[in-house]
Amino acid sequence: MLDLRSIRQDPEEVRERLRVRGDPAETDAAIDRVLELNAERRRLIAEVDVLKARRNSVSEEVGDRKRHGEVVDDLILEMREVAERIKGLDADLRASEAGIEDVLLRTPNTPDPGVPTGGEADNVVVREWGSPPVFDFQPRPHWELGEELGLVDLEVGAKVAGSGFPAFIGPGARLRRALIDWMLDLHVREHGYTEVSPPFLVTQAAMKGTGQYPKFVQEGDAYEVKEDGLYLVPTAEVPVTNFHREELLDGHRLPISYVAYSPCFRREAGAAGKDTRGLLRVHQFDKVELVRFERPEESDAALERLTGHAERVLQALGLPYRVVLLAGGDLGFASRKTYDLEVWAPGVGRWLEVSSSSNYWDFQARRADIRFRPAPGAKPEFVHTLNASGVALPRTLVALIENGQQADGSVVVPEVLRQYVGTERFKR
RNA sequence: GGAGGGUUGGCAGAACGGCUAAUGCACCGGUCUUGAAAACCGGCGGGCGCAAGCCCAUCAGGGUUCGAAUCCCUGGCCCUCCGCCA
């Protein structure tokens with residue numbers, strides 16, 4: 001959520017920065033609406049405060065005079081009327097506050113000054129690591145290899161849950177579990193994260209805190225358990241960031257860094273017909289997520305380090321990848337700045353996004369009310385939250401299979417995974 | 001699923017429906033001190049305001065009342081017991 005005060009103080013600046021995302025008509029209208037409602041809100045506050053002050057002082061007087069046995073019927077009569085007017089004005093006030101909240105909850109974060117204007121085509125490749133393997137045969141897609149080697153069974157997944165719910169079999173199931181264990185170990189041991197295991201269903205308040213509610217939810221992307229008012233997590237970011245919702249943290253606790261495994265559930269409502277084959281886009285997938293709570297002045301540097309932690313996974317697996325700075329139009333709703341990690345998949349001949357590393361600045365912290373005291377005795381401030389996938393499984397699995405494939409149809413397992421998987425090679 | 005108890009500041013913990021949330025701890029500033037501790041003085045939820053000051057704030061939302069932390073209703077969460085169950 002954007003800061004109401006900064007919108008009021010410099011609306012042009014906020015408009016300017018939101019334009020980097022494109023769609024200036026919509027965001028300009030949102031800012032106009034907020035300014036209008038806020039002017040009304042301030043007017044109502046001024047009006048109702050006078051009445052409340054009167055009520056408070058008269059109520060005090062009533063108490064005094066009653067104790068002295070005086071009759072105060074006239075005052076009580078007057079106050080009855082004042083109480084009615086206060087009730088009416090308070091209702092108006094709540095309505096304008098709700099209106100402001102409603103608009104602000106739907107207004108995305110302002111991009112960082114370093115974020116390029118434009119859409120996906122304006123994303124910037126910041127760096128590349130490794131080089132795509134050279135094959136003396138035609139590399140095959142993972143859905144062929146995965147099925148042939150008995151690692152993945154899309155049919156069986158579809159039978160029990162519908163398409164987009166893959167089932168992993170035998171060594172494939174082992175590989176899935178191995179990747180999760182190994183990644184968790186890596187981030188705990190080498191990057192100092194605290195491992196946590198969150199609930200996989202969350203409340204609407206939690207979804208609101210990280211920014212999935214209202215937009216993501218109302219666009220039908222979240223699976224909802226209506227009876228309990230809960231949502232299946234689209235990412236561990238939601239429960240883990242909300243660990244500290246409505247908390248005032250001691251400054252010396254920062255930074256806080258968590259790593260969590262969770263399954264992720266997404267309806268992919270807007271992606272009908274896209275990437276329907278294989279594991280490229282599914283409704284349920286596994287992900288190891290990194291979540292950080294930082295002091296504001298640290299968060300820019302923390303984003304670079306965080307991205308490096310996710311990169312380390314791909315480096316250790318020997319997978320060629322590139323780091324992409326997202327342009328404004330490609331930026332997630334809550335994010336101020338995002339790097340995507342894209343891994344090369346020779347079988348499908350594409351770069352696949354396996355991680356998104358974002359600095360949310362104080363956007364989520366304001367929604368979720370996560371503050372810290374910068375110094376003893378100082379006023380509380382909002383923390384900055386960040387997170388990165390470290391990393392998402394299915395596409396990483398795709399890359400492992402497609403990059404590791406041999407002419408005979410077998411797939412070589414990267415060195416670091418061998419003790420977790422228990423084999424050097426998947427073969428028929 | 002049933003019954004009961006609880007929910008107040010960073011923490012602990014008071015408050016016959018009225019005098020507008022006591023007190024302690026922690027923390028911040030000051031006095032004192034060579035320095036510290038102790039002691040003492042002041043501050044220590046949020047908003048608006050240059051200021052005086054005003055308003056809001058006792059889990060959330062309704063209600064009763066001139067006036068609600070306090071009474072009533074609904075809901076959340078925590079704890080205890082019973083039932084069921086992995």
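Reminder, nothing fancy here: chain letters follow the sequence lines and each chain counts from 1.
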ring-ring contact (aromatic ring centres under 6.0 Å, His included): pairs with one or both residues in [range], sequence neighbours excluded:
range: residues 21-50 of chain A; value: none
range: residues 246-282 of chain A; value: A:Phe243-A:Tyr258, A:His244-A:Tyr258
range: residues 207-231 of chain A; value: none
range: residues 149-171 of chain A; value: A:Phe165-A:His283

For the pair made of [atom1] in [X] and [atom2] in [N], what is the distance, rounded to whole Å?
X: A:Asn56; N: B:G67; atom1: CG; atom2: C1'; answer: 9 Å
X: A:Leu44; N: B:C55; atom1: CG; atom2: P; answer: 17 Å
X: A:Lys52; N: B:G53; atom1: NZ; atom2: C1'; answer: 17 Å
X: A:Leu51; N: B:C54; atom1: CG; atom2: C1'; answer: 13 Å
X: A:Arg65; N: B:G67; atom1: CZ; atom2: P; answer: 17 Å
X: A:Glu47; N: B:C55; atom1: CD; atom2: C1'; answer: 14 Å
X: A:Glu246; N: B:C77; atom1: CD; atom2: P; answer: 13 Å
X: A:His252; N: B:C27; atom1: NE2; atom2: C1'; answer: 12 Å

> Could you write nucleotides 58-66 of chain B as a row of B, S and -, 5' to 3', where a protein heavy atom under 4.0 Å of any base atom gives B, of only sugar-phosphate atoms gives S, and otherwise -?
Replying inline: ----S-S-B

Can you sort out the partners of [X] under side chain to side chain donor-acceptor pair (under 3.5 Å), two or more places apart, ordered by chain and number?
X: A:Asn242; value: A:Arg245
X: A:Glu61; value: A:Arg65
X: A:Asn359; value: A:Ser299

>> With salt bridge (Lys or Arg N to Asp or Glu O under 4.0 Å) as the rule and sequence neighbours excluded, what pairs involving residues 93-105 of chain A come up?
In response: A:Arg41-A:Glu97, A:Glu101-A:Lys208, A:Asp102-A:Arg106

> Is the distance between the ring centroids of A:His309 and A:Tyr193 less than 6.0 Å?
Replying inline: yes

Quick one: which protein N/O atoms are closer than 3.5 Å to N/O atoms of nucleotides 46-49 of chain B? Pair and distance per line, please.
{"from": "B:C48", "atom 1": "OP1", "to": "A:Arg5", "atom 2": "NE", "distance (Å)": "3.3"}
{"from": "B:C48", "atom 1": "OP1", "to": "A:Arg5", "atom 2": "NH2", "distance (Å)": "3.4"}

>> Please evaluate residues A:Phe363 and A:Phe333 with respect to the criterion ring pair (Phe, Tyr, Trp, His ring centres under 6.0 Å), reporting the C-alpha separation (whole Å), side-chain torsions for both, the decisive distance (0.1 Å), and the verdict.
In response: CA-CA 10 Å; A:Phe363 189 85; A:Phe333 175 78; 5.7 Å; yes

> Should the pair A:Asp275-A:Arg277 be classified as a salt bridge under the 4.0 Å nitrogen-to-oxygen rule?
Replying inline: no

> Under 6.0 Å from the CD atom of A:Glu297, do we count more than 12 heavy atoms belonging to anything else shown?
Replying inline: yes

>> Defining pairs by Watson-Crick or G-U wobble geometry with both distances under 3.5 Å, how would you list the stems of RNA chain B with at least three pairs each?
In response: B:1-7 with B:76-82, B:10-12 with B:23-25, B:27-31 with B:39-43, B:45-48 with B:53-56, B:59-63 with B:71-75

> CG of A:Asp112 to CG of A:Leu326: how many Å apart, nearest 0.5 Å?
Replying inline: 12.5 Å

>> Among residues 95-102 of chain A, which ones have heavy-atom contacts with RNA chain B below 4.0 Å?
In response: none

>> Which is more 5' along RNA chain B, the nucleotide nearest A:Arg373 or the one nearest A:Glu60? Just name the residue.
In response: A:Arg373

